[in-house]
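Since the structure comes first, as structure tokens, the remarks are kept for the end.
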Amino acid sequence: MKTLQIRRPDDWHLHLRDGAVLEGVIGDTSRHFARAIIMPNLVPPVVTTADAAAYRSRIMAALPEGHRFEPLMTLYLTEHTNPDDVEEGKKSGLITAVKLYPAGATTNSHGGVRDLEKAMPVLERMAKIGLPLCVHGEVTTPEVDIFDREAVFIETVLDPLRKRLPELKVTMEHVTTSDGIDYIKSSKANLAGSITTHHLIINRNDILVGGIRPHYYCLPVAKRESHRLALRAAATSGDHRFFLGTDSAPHVDPLKECACGCAGIYTSVNTMSCLAHVFEQDNALDKLEAFASLNGPAWYGLQPNEDKITLEKQDVQVEFPAKRDTGAGVITVFDPGFQIFWNVVD
């Protein structure tokens, strides 16, 4: 029997959706996580501070009784975002970051940025007031192969932006390539990256070999094995620039299991157990707390959580629900493809 006690973790990239889905999934996060950066790509998106306040109220209303959880709100960057509203949101303590979605990059991103120049007044203000920019780091031009979108984004969008605004604090969310890992490592300041649970476990073969597996389809899409291993090395290294952002993204099964299925993997249920398995495999259980509980708060200027959770390695396989039933329909829970023996017991 093995036990591991760590500070209560946070999730630095989370989709909670809204309505019946929100009500059906929030408990899976609040059961283990103290805080989470909440993605703003609703329909309609969370564009203003008033939108964020209203969404936060809906999240808190959906929280299961007895759960303690703090949603860290973000704004959806558009070419018309008001810099004054962004600054007021930060001053009020409500807004933790602003999210850049290149238009068409992922779910509900059609209202995102097409011409970054039009968003520069907001980015300049953010750099001035110290508000982080979270980026979905992919280009969406059709001539770029989907597996190359992250590397091209770094070269053509992110690096020029950071040279223009070196004081802007940027989080590369859900890094999926060795290119992204190397770029973050090469930076001297103001750049960090979140890494998802599923990108540490699956590669593109898991999506395609032996038949298409829609519940492994996400954006950014999983890459080749060499990239997965680069992510594992970064996550388990203890490097303060890398931290957990699950990108847990619930979609009801009919929207995944169809001719043109949605991108997203729902990992909130078993993330901590999966991570314990991964870190144990890489002889790095002593680095799990840094990745899940310490590095993220340090990056966002927050204190780590005082309370703790206990993970226990059992002799018998831990059984997780295969599905999560919500008022909007059934959602499939991430299957890591191997037996899990670590369980959160406290």
Side-chain angles (χ1 to χ4, degrees), residues 12-13 37 39 74 77 97-102 105-106 109 112-113 116-117 119-120 123-124 126-127 130-141 143-200 202-204 218-247 282 284 287 290-291 294-296 298-301:
W12 300 98
H13 182 136
I37 290 270
M39 291 296 104
T74 64
L77 183 64
V98 173
K99 178 64 181 275
L100 168 62
Y101 289 102
T106 190
S109 64
V113 175
L116 195 60
E117 193 63 35
M120 285 306 297
L123 299 176
E124 289 166 354
M126 290 169 59
L131 185 63
L133 176 70
C134 298
V135 300
H136 181 114
E138 293 188 289
V139 297
T140 57
T141 46
E143 63 270 18
V144 177
D145 187 282
I146 192 169
F147 294 105
D148 298 329
R149 285 179 169 186
E150 184 170 293
V152 174
F153 180 88
I154 292 168
E155 179 182 354
T156 63
V157 179
L158 184 56
D159 195 54
L161 172 63
R162 295 185 61 247
K163 287 177 178 176
R164 182 172 175 177
L165 284 177
E167 64 274 28
L168 180 64
K169 196 169 185 176
V170 178
T171 306
M172 279 189 69
E173 295 195 303
H174 45 49
V175 180
T176 61
T177 63
S178 59
D179 308 83
I181 297 298
D182 291 343
Y183 183 67
I184 292 168
K185 286 181 175 180
S186 71
S187 173
K188 295 181 179 179
N190 289 334
L191 183 65
S194 68
I195 301 175
T196 77
T197 311
H198 52 275
H199 284 120
L200 294 174
I202 65 169
N203 62 32
R204 62 190 188 183
C218 58
L219 287 172
V221 69
K223 306 301 194 295
R224 66 172 68 241
E225 177 67 358
S226 59
H227 294 297
R228 187 187 73 88
L229 294 177
L231 299 178
R232 293 266 293 230
T236 60
S237 68
D239 189 321
H240 69 276
R241 293 167 291 188
F242 301 103
F243 44 82
L244 174 64
T246 67
D247 193 18
D282 289 9
K287 302 294 198 303
F291 180 69
L294 301 178
N295 295 348
W299 171 249
Y300 282 100

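From a predicted model like this one, the values you see are computed outputs, not experimental measurements.
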Criterion side chain to side chain contact (heavy atoms under 4.5 Å, CB included) on Asp282 and Arg232, from CA distance to verdict: CA-CA 8 Å; Asp282 289 9; Arg232 293 266 293 230; 2.9 Å; yes
Stepwise side chain to side chain donor-acceptor pair (under 3.5 Å) check, Ser187 with Arg162: CA-CA 10 Å; Ser187 173; Arg162 295 185 61 247; 2.9 Å; yes
Glu117/Arg164 under salt bridge (charged side-chain N to carboxylate O under 4.0 Å, His left out): CA gap, chis, key distance, verdict: CA-CA 11 Å; Glu117 193 63 35; Arg164 182 172 175 177; 2.8 Å; yes
Met172 vs Phe153, side chain to side chain contact (heavy atoms under 4.5 Å, CB included): CA-CA, chis, key distance, verdict: CA-CA 11 Å; Met172 279 189 69; Phe153 180 88; 5.8 Å; no
Intermediate values then yes/no, side chain to side chain contact (heavy atoms under 4.5 Å, CB included), Thr196 and Glu173: CA-CA 9 Å; Thr196 77; Glu173 295 195 303; over 6 Å; no
Working for side chain to side chain contact (heavy atoms under 4.5 Å, CB included), residues Trp299 and Lys169: CA-CA 9 Å; Trp299 171 249; Lys169 196 169 185 176; 3.3 Å; yes
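Cation-pi geometry between Arg204 and Phe147 is met: under 6.0 angstrom from the ring centre, within 45 degrees of the axis. Cation-pi geometry between Lys287 and Phe291 is not satisfied (NZ or CZ under 6.0 Å from the ring centre, within 45° of the ring normal).
Rounding to the nearest 0.5 Å gives a distance of 10.5 Å between CG of Asn295 and CH2 of Trp12. Phe242 contributes atom CZ, which lies 11.0 Å from atom OG1 of Thr236 (distance to the nearest 0.5 angstrom). Here Leu244 contributes atom CG and Leu294 contributes atom CG; the two are 12.0 Å apart, rounded to the nearest 0.5 Å. Atom-to-atom distance recorded for Glu138:CD and Ile146:CD1 is 6.5 Å, nearest 0.5 angstrom. How far CD1 of Ile184 is from CD1 of Ile154: 7.5 Å, rounded to the nearest 0.5 Å. In this structure, OG1 on Thr177 lies 8.0 Å from CG on Asp182, to the nearest 0.5 angstrom.
Shown here for Val175 and Glu150, the closest heavy-atom pair between the two residues is CG1-OE2, 3.7 Å. Taking both residues in full, the closest heavy atoms of Cys134 and Tyr300 are given as SG-OH, 3.3 Å, listed atom of the first, atom of the second, then distance. Closest heavy-atom contact between Ile181 and Ala234: CD1-CB, 3.7 Å. Nearest heavy atom pair, residue Arg224 against residue Asn203, reads C-CB, 4.2 Å. The two residues Pro132 and Met126 have their closest heavy-atom pair at O-CE, 3.3 Å. Of all heavy-atom pairs spanning Leu77 and Val113, the tightest one is O-CG2, 3.7 Å.
Counting heavy atoms from C-beta on, the side chains of Tyr101 and Val135 never come closer than 4.5 Å. Considering only heavy atoms from C-beta on, Val98 comes within 4.5 Å of Leu131 through its side chain. Residues Glu124 and Leu168 are not in side-chain contact: their nearest non-hydrogen atoms beyond the backbone lie 4.5 Å or more apart. Within the 4.5 Å cutoff, the side chain of Val152 has no heavy atoms near those of the Val157 side chain. Using a 4.5 Å heavy-atom cutoff, the side chains of Leu123 and Leu116 are in contact. The shortest side-chain heavy-atom distance between Ile195 and Phe243 does not fall under the 4.5 Å cut-off. Between Val139 and Val144 the shortest side-chain heavy-atom distance falls below 4.5 Å.
Around the CD atom of Glu155, the shell of radius 6.0 Å holds no more than 12 heavy atoms that belong to other residues, nucleotides or ligands.
Ring geometry, His174 versus His136: the interplanar angle exceeds 60°, so the pair is classed perpendicular (tilted spans 30 to 60°).
For Ser178, the side-chain hydrogen bond (donor to acceptor under 3.5 Å, both in side chains) partners are His227, not counting sequence neighbours. Shown here are the salt bridge (Lys or Arg N to Asp or Glu O under 4.0 Å) partners of Arg228, two or more places apart in sequence or in another chain: Glu225.
Here the side chain of His199 pairs a donor or acceptor atom with the backbone of Pro220 at under 3.5 angstrom. In this structure a side-chain-to-backbone donor-acceptor pair under 3.5 Å is present from Ser237 to Asp239.
Side-chain contact annotation: Thr176 with Lys223, donor-acceptor N/O pair under 3.5 Å present.
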